[in-house]
Amino acid sequence: MARRPALAEDFEIFYGLATPPTSYGGYGGKSQNAKEDAKYTFEYPASWKSETINKRDKGTQGVDCRVYNPKNKLQQAFVITLGRAGEDNRSFRLTDIDSTLAGFAGADYDMLDALTDAVERTDSSREVDGQLYYDVDFASPDVHYLSSITVSSGKVFAMFVKSPARMYTESESDLRRIRSTFKTV
């Protein structure tokens with residue numbers, strides 16, 4: 001008897017608001033019109049959970065959202081937004097991806113080690129609706145990251161999809177889908 005292939009997991013859309021730190025941690029970071037107010041979106045597995053970001057993580061690390069696999073919270077996706085690009089969107093250009101990545105390493109304690117001890121790294125770029133995204137895959141022996149960085153509306157947006165190396169291969173297609181669906185709106 002032939003077995004049917006496993007169905008791909010259902011995905012949900014995350015609508016990110018990219019609001020300031022004073023709006024987080026129970027201080028009003030929710031929107032009744034999330035879809036209309038969204039500054040970025042991405043898809044994530046429906047079985048994953050969304051975490052409420054506190055003011056400290058938002059204010060000191062720039063973390064805007066985090067979703068995670070409840071089976072292992074170390075497998076997660078998070079977005080960092082920083083408003084240092086200037087409102088004209090012309091005063092900031094991503095010219096040194098290594099420095100930009102290193103600047104985000106404070107948001108996740110494994111990231112600096114993964115960048116420093118990378119056993120593999122792939123850099124590429126893609127364009128979505130006229131918006132340029134820099135995609136960087138990097139992995140240490142313990143952790144694998146898929147990242148995507150762009151500048152839009154005067155802000156730097158960086159998505160990181162993180163997975164323990166031992167779980168990466170079995171989840172790779174879902175993890176890549178999370179990153180590939182990340183876009184600013």
Side chain Lys155, main chain Ala18, donor-acceptor under 3.5 Å: yes

Minimal non-hydrogen separation, Ala77 against Ile178, with atom names: CB-CG2, 3.9 Å

Evaluation steps, side-chain contact (heavy atoms from CB on, under 4.5 Å), between Val67 and Lys49: CA-CA 5 Å; Val67 294; Lys49 304 292 182 204; over 6 Å; no

Same cluster (ILVMFWY, side-chain, under 4.5 Å), Tyr44 and Tyr15: no

Working for side-chain hydrogen bond (donor to acceptor under 3.5 Å, both in side chains), residues Ser148 and Asp135: CA-CA 4 Å; Ser148 187; Asp135 294 340; 2.8 Å; yes

4.5 Å side-chain heavy-atom contact, Asp137 and Glu120: no

Residue pair Ser163 / Leu175: nearest heavy atoms and the distance that separates them: CB-CD1, 3.6 Å

Donor-acceptor side-chain pairing of Tyr68 and Glu51 below 3.5 angstrom: no

Closest non-hydrogen atom pair between Tyr109 and Asp113, with its separation: O-OD2, 4.3 Å

Whether Phe42 and Phe14 hold their rings parallel, tilted or perpendicular, with breakpoints at 30° and 60°: parallel

Non-hydrogen side-chain atoms of Tyr133 and Thr184 separated by less than 4.5 Å: yes

Note, Val136 side chain near Arg121 side chain (heavy atom, < 4.5 Å): yes

Derivation and outcome, side-chain contact (heavy atoms from CB on, under 4.5 Å), residues Ser50 and Arg66: CA-CA 6 Å; Ser50 178; Arg66 184 178 292 115; over 6 Å; no

Step-by-step side-chain contact (heavy atoms from CB on, under 4.5 Å) determination, Arg176 to Glu172: CA-CA 6 Å; Arg176 288 194 177 280; Glu172 183 176 2; 2.9 Å; yes

Non-hydrogen atoms of Ala165 and Pro141 that approach each other most closely: CB-O, 3.4 Å

Aromatic ring pairing Phe160/Tyr145, orientation class (parallel under 30°, perpendicular over 60°, tilted between): perpendicular

Which atom of Met111 lies closest to which atom of Ala105, heavy atoms considered: SD-CA, 3.8 Å

Contact check, side chains of Ser171 and Gln75, non-hydrogen atoms, under 4.5 Å: yes

Test log, rule side-chain contact (heavy atoms from CB on, under 4.5 Å), inputs Leu82 and Ile80: CA-CA 7 Å; Leu82 301 174; Ile80 296 171; 4.1 Å; yes

Reference residue Tyr40; test side chain to side chain contact (heavy atoms under 4.5 Å, CB included); the match among Val185, Val79, Thr150: Val79

Distance (rounded to the nearest 0.5 Å) between Trp48 CH2 and Glu43 CD: 13.0 Å

Aromatic plane relationship, Tyr168 with His144 - under 30° parallel, 30 to 60° tilted, over 60° perpendicular: parallel

Minimum heavy-atom distance between Leu17 and Asp64, given as atom pair plus value: N-OD2, 4.0 Å

Nearest-0.5 Å distance, CD of residue Glu127 to CG of residue Asp129: 9.0 Å

Candidate pair Lys58 and Thr81, rule side-chain hydrogen bond (donor to acceptor under 3.5 Å, both in side chains), full reasoning: CA-CA 9 Å; Lys58 175 62 178 169; Thr81 60; 2.7 Å; yes

Heavy-atom side-chain contact between Leu101 and Ser147 under 4.5 Å: yes

Flag side-chain contact, heavy atom, 4.5 Å: Asn69 against Gln76: no

OG1-CD1 distance between Thr181 and Ile13, expressed to the nearest 0.5 angstrom: 8.5 Å

Approximate separation, where rounding is to 0.5 Å, of Lys183 NZ and Thr41 OG1: 5.0 Å

pair Cys65-Phe78: side-chain heavy atoms closer than 4.5 Å: no

Joint cluster assignment, Met167 & Val143, ILVMFWY side-chain distance < 4.5 Å: no

Leu132 vs Arg126 side-chain heavy atoms within contact, under 4.5 Å: no

Same apolar cluster: Phe11 and Val128, side chain cutoff 4.5 Å: yes

